[in-house]
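Structure first, then comments.
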Amino acid sequence: MTEKITRINPEQLHATPGYHHITVVEAGRTAHLAGQCPIGPDGDVVPGSYLEQADQVAANALVALAAVNAGPHHVVRSVIYVKSDDGPTLASVWARLNASALGPAFTTASTLLGVAQLGYPGQLVEVDLTAALPGGGGPHGGAAGLRGPALFPL
C-alpha cells in the first residue's frame with residue numbers, strides 16, 4: 001500500500017505559520033520516533049545555543065527517519081520542545097528547524113511548546129516525530145531493508 005497523506009486547514013480555523021491543523025493518513029504502518037535530542041556521536045549533549053542544538057536535533061531526526069526508510073515528507077505529527085518561556089526564542093527554534101533539511105516535517109500537524117525542563121542536563125531542544133512509512137511489501141509491511149534494531153511484526 002502506498003501511503004496517502006492529506007493535510008488540511010479548515011477555513012473556520014486561524015491561519016498558521018506553515019503547519020496544518022489536521023493531517024489525515026491512510027497508511028499501513030507508522031513509526032513513532034523517540035524524542036530526538038541534541039546528543040552528538042560522542043553521547044553528550046552538544047554545547048551551545050538553542051540554534052546549535054536545533055541543528056543537532058534535526059540531524060539526529062533525519063538519521064532516525066532514514067533508519068525506517070522515511071524522510072521529512074513522511075512525518076504526520078511533530079512536537080517541538082524548547083526549554084524556554086520566551087516567545088522570540090521559541091520562534092527562532094521553529095524558524096531554524098523549518099529552514100533545515102528536516103523542514104518539510106513541520107508542514108504537518110505540529111505543536112511548539114516552551115517547557116521548564118528536558119531530560120538531559122544542558123538540553124534546550126527536543127523533537128518528537130510520527131511518520132507514515134512509505135511503500136508496501138517486504139517482511140515488515142513496507143519496512144524492508146531497515147537499519148538498526150530488528151522490528152518484529154505484530
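Atoms considered below: every heavy atom in the structure, side chains included; atoms not considered: hydrogens, waters and symmetry mates.
- Residues Val24 and Ile8 have side chains in contact (heavy-atom distance under 4.5 Å, counting atoms from C-beta outward).
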Would you please test Arg7 and Ile5 for side-chain contact (heavy atoms from CB on, under 4.5 Å) and show each step?
CA-CA 7 Å; Arg7 295 174 174 93; Ile5 302 170; 3.5 Å; yes

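- Hydrophobic clustering (ILVMFWY, side-chain heavy atoms < 4.5 Å, transitive): Val79 and Trp94 are in distinct clusters.
- Separating the CD atom in Gln123 from the CD atom in Gln56 is a distance of 11.5 Å, to the nearest 0.5 Å.
- Hydrophobic cluster membership differs between Tyr50 and Val45, with clusters built from Ile, Leu, Val, Met, Phe, Trp and Tyr side chains linked at under 4.5 angstrom.
- To the nearest 0.5 Å, the span separating OG on Ser84 from CG on Leu124 amounts to 9.0 Å.
- The shortest heavy-atom contact between Thr23 and Ala109 is OG1-N, 3.0 Å.
- Judged as a side chain to side chain donor-acceptor pair (under 3.5 Å), the pairs with a partner in residues 110-120 (not counting sequence neighbours) are, in order, Arg77-Thr111, Ser78-Ser110.
- In this structure a side-chain-to-backbone donor-acceptor pair under 3.5 Å is missing from His74 to Pro134.
- Tyr81 and Leu102 sit in two unconnected hydrophobic clusters of ILVMFWY residues. Membership requires side-chain heavy atoms under 4.5 Å apart, directly or through other members.
- A chain of hydrophobic side-chain contacts below 4.5 Å, direct or via other Ile, Leu, Val, Met, Phe, Trp or Tyr residues, connects Ile80 to Leu62.
- Thr108 places no side-chain N or O within donor-acceptor distance of the main-chain N or O of Ala105, the cut-off being under 3.5 Å.
- With values rounded to the nearest 0.5 angstrom, Leu113 atom CG is found 11.0 Å from Glu126 atom CD.
- Rounded to the nearest 0.5 Å, atoms CG (Leu13) and CD1 (Ile22) are 6.5 Å apart.
- Annotation: salt bridge (Lys or Arg N to Asp or Glu O under 4.0 Å) contacts involving residues 49-63, sequence neighbours excluded, comprise Asp55-Arg96.
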What verdict does the side-chain contact (heavy atoms from CB on, under 4.5 Å) test give for Leu112 and Val82, after you've listed the backbone C-alpha separation in whole Å, the side-chain angles of each residue and the deciding distance to 0.1 Å?
CA-CA 8 Å; Leu112 173 65; Val82 181; 4.0 Å; yes

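- Annotation: the span from Phe106 atom CZ to Ser100 atom OG amounts to 6.0 Å, rounded to 0.5 Å.
- Between the side chain of Gln36 and the backbone N or O of Ala34, at least one donor-acceptor pair lies under 3.5 Å.
- Annotation for Ala61 and Leu129: closest pair CB-CD1, 3.9 Å, computed over non-hydrogen atoms.
- Leu65 and Leu97 fall within the same hydrophobic cluster, defined by Ile, Leu, Val, Met, Phe, Trp and Tyr side-chain heavy atoms under 4.5 Å apart, directly or through other members.
- For the salt bridge (Lys or Arg N to Asp or Glu O under 4.0 Å) condition, no pair includes a residue of residues 34-46, sequence neighbours left out.
- A donor-acceptor pair shorter than 3.5 Å cannot be found between the side chains of Thr16 and His14.
- Tested against Val125, the residues Leu118, Val46, Val57 include a single side chain to side chain contact (heavy atoms under 4.5 Å, CB included) partner, Val57.
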Could you walk me through whether Thr107 and Tyr19 satisfy the side-chain contact (heavy atoms from CB on, under 4.5 Å) test, starting with their C-alpha distance in whole Å, then the side-chain angles of each, then the deciding distance to 0.1 Å, before giving a yes or no?
CA-CA 4 Å; Thr107 63; Tyr19 65 89; over 6 Å; no

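- The shortest distance between side-chain heavy atoms of Thr30 and Leu133 does not fall below 4.5 Å.
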